[in-house]
Amino acid sequence: MADNNNHTNSACVESNMDPMSYDVVAVSAEFIQTRTKYRPEIGIICGSGLGGLADLVDKPDIFPYNQIPNFPVSTVPGHVGRLLLGNLEKVPVIIMQGRFHAYEGYELWKTAMPVRVMKLLGVQKIIVTNAGGGLNKGFQVGDIMFIKDHINLPGFSCQNPLRGPNDERFGPRFFPTNDLYCHEYRQLARQVGQELGLQGVMREGVYAMLGGPNYETVAELKMLRKMGVDSVGMSTLPETIVAHHCGIKVFACSLITNKCIVEYGSDIDTNHEEVIEVGLRRAEDLKQFVTKMIVKMSTI
Ligand code: HPA
């Protein structure tokens, strides 16, 4: 396990405080806020292929995760884990370079806790990207799918980042999710895609999260396809659920890095190298797309 569910750099370890509570998250946020002049409006969580976005940030203030009190710490060797604050095309942003996945051993709340830190830093809008397997028969490798809805499979068995005490200062105990992925942002994304000549690779669909780390079985994929799932992956939903709960408007997209194998005996298989390779190939387009989205999202 990457983590034993304690905060190593944590002030709340000794106390019995809820690690997602306002007071605990406020310690992380205050640490950052008192060490930067930037007041971010938009948060970005980079999935495979988008790490390079950080290079576009002008004079960033950089916070390694292990220096931020109460913040989850990545224990995976070689894993970039830092927050960057700065201006991207004059828009104040905060970028999470390196995210936490459940398959690494993190509790779901921990994978999403940085979103609450963003909230307390003033973030009102968030962009979340990921690598996803294409289950929709019409999707090609390299497509960019705007997430219009999701199926939170871990949620079917009580695995939810918001499980546990609810701190009303973030949001209500029960809340709707029918417009979790802001329809205005998706409309904007279609427009941006057209402006960049990416209309041929732009898709829209339903994303399902599975725990991983194994890719899906054929039977699982057949079931998911019947359920109306277009792409599958192992991330994103903890962050988008927590963002929506605390009133952050959400845009999310999947880079389709592989086609899901839905037949037995196929000589193709899904592998991590392919996922990384496609991420790198589409990286430049994705970087331009997200940059333009940030500029436009800052105006609405
Ligand atoms: N399944 C799950 N997660 C993934 C996939 C996939 O096919 N591709 C990239 N992330």
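Note that ligands are numbered from 1 as they come in the structure, with each ligand's atoms numbered from 1 the same way. It should be emphasised that the depicted structure is a prediction, and the values quoted were computed from it without experimental measurement.
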Report summary line: of all protein heavy atoms, closest to atom 2 (C) of ligand 1 is Glu216 OE2, 3.0 Å
Query raised in the report: Less than 6.0 Å separating the ring centroids of Tyr181 and His244?
Result: no
Report task. Please tell me if the side chains of Ile32 and Leu121 come closer than 4.5 Å, counting only heavy atoms from C-beta onward. Result -> yes
Requested in this report: State, yes or no, whether a side-chain contact exists between Ser231 and Leu135 at a heavy-atom distance under 4.5 Å.
Outcome: no
**Report entry** Those atoms of ligand 1 less than 4.0 Å from some heavy atom in Ala131
**Finding:** 9 (C), 10 (N)
**Report entry** Interfacing atoms of ligand 1 (cut-off 4.0 Å, heavy-atom, Gly133)
**Finding:** 5 (C), 6 (C), 7 (O), 8 (N), 9 (C)
Requested in this report: With heavy atoms only and a cut-off of under 4.0 Å, state how Asn258 meets ligand 1: side chain, backbone, both or neither.
Outcome: side chain
Report task. For the residue pair Ser28 and Asn70, confirm or rule out a side-chain donor-acceptor distance under 3.5 Å. Result -> no
Query raised in the report: Heavy atom under 4.0 Å from ligand 1: found in Thr257's side chain, backbone, both, or neither?
Result: side chain
Report summary line: Per-atom filter on ligand 1: closer than 4.0 angstrom to a heavy atom of Met234 are 2 (C), 3 (N)
Query raised in the report: Mind checking whether Tyr215 has an N or O less than 3.5 Å away from an N or O of ligand 1?
Result: no
Query raised in the report: Starting from atom 3 (N) of ligand 1, which protein heavy atom do you reach first, and at what distance in Å?
Result: Gly233 CA, 3.3 Å
Query raised in the report: Any chance the rings of Phe251 and Phe146 have centres within less than 6.0 Å?
Result: yes
Query raised in the report: Within the distance-only criterion (no hydrogens, no angle test), does the side chain of Lys148 pair as donor or acceptor with the backbone N or O of Glu204 below 3.5 angstrom?
Result: no
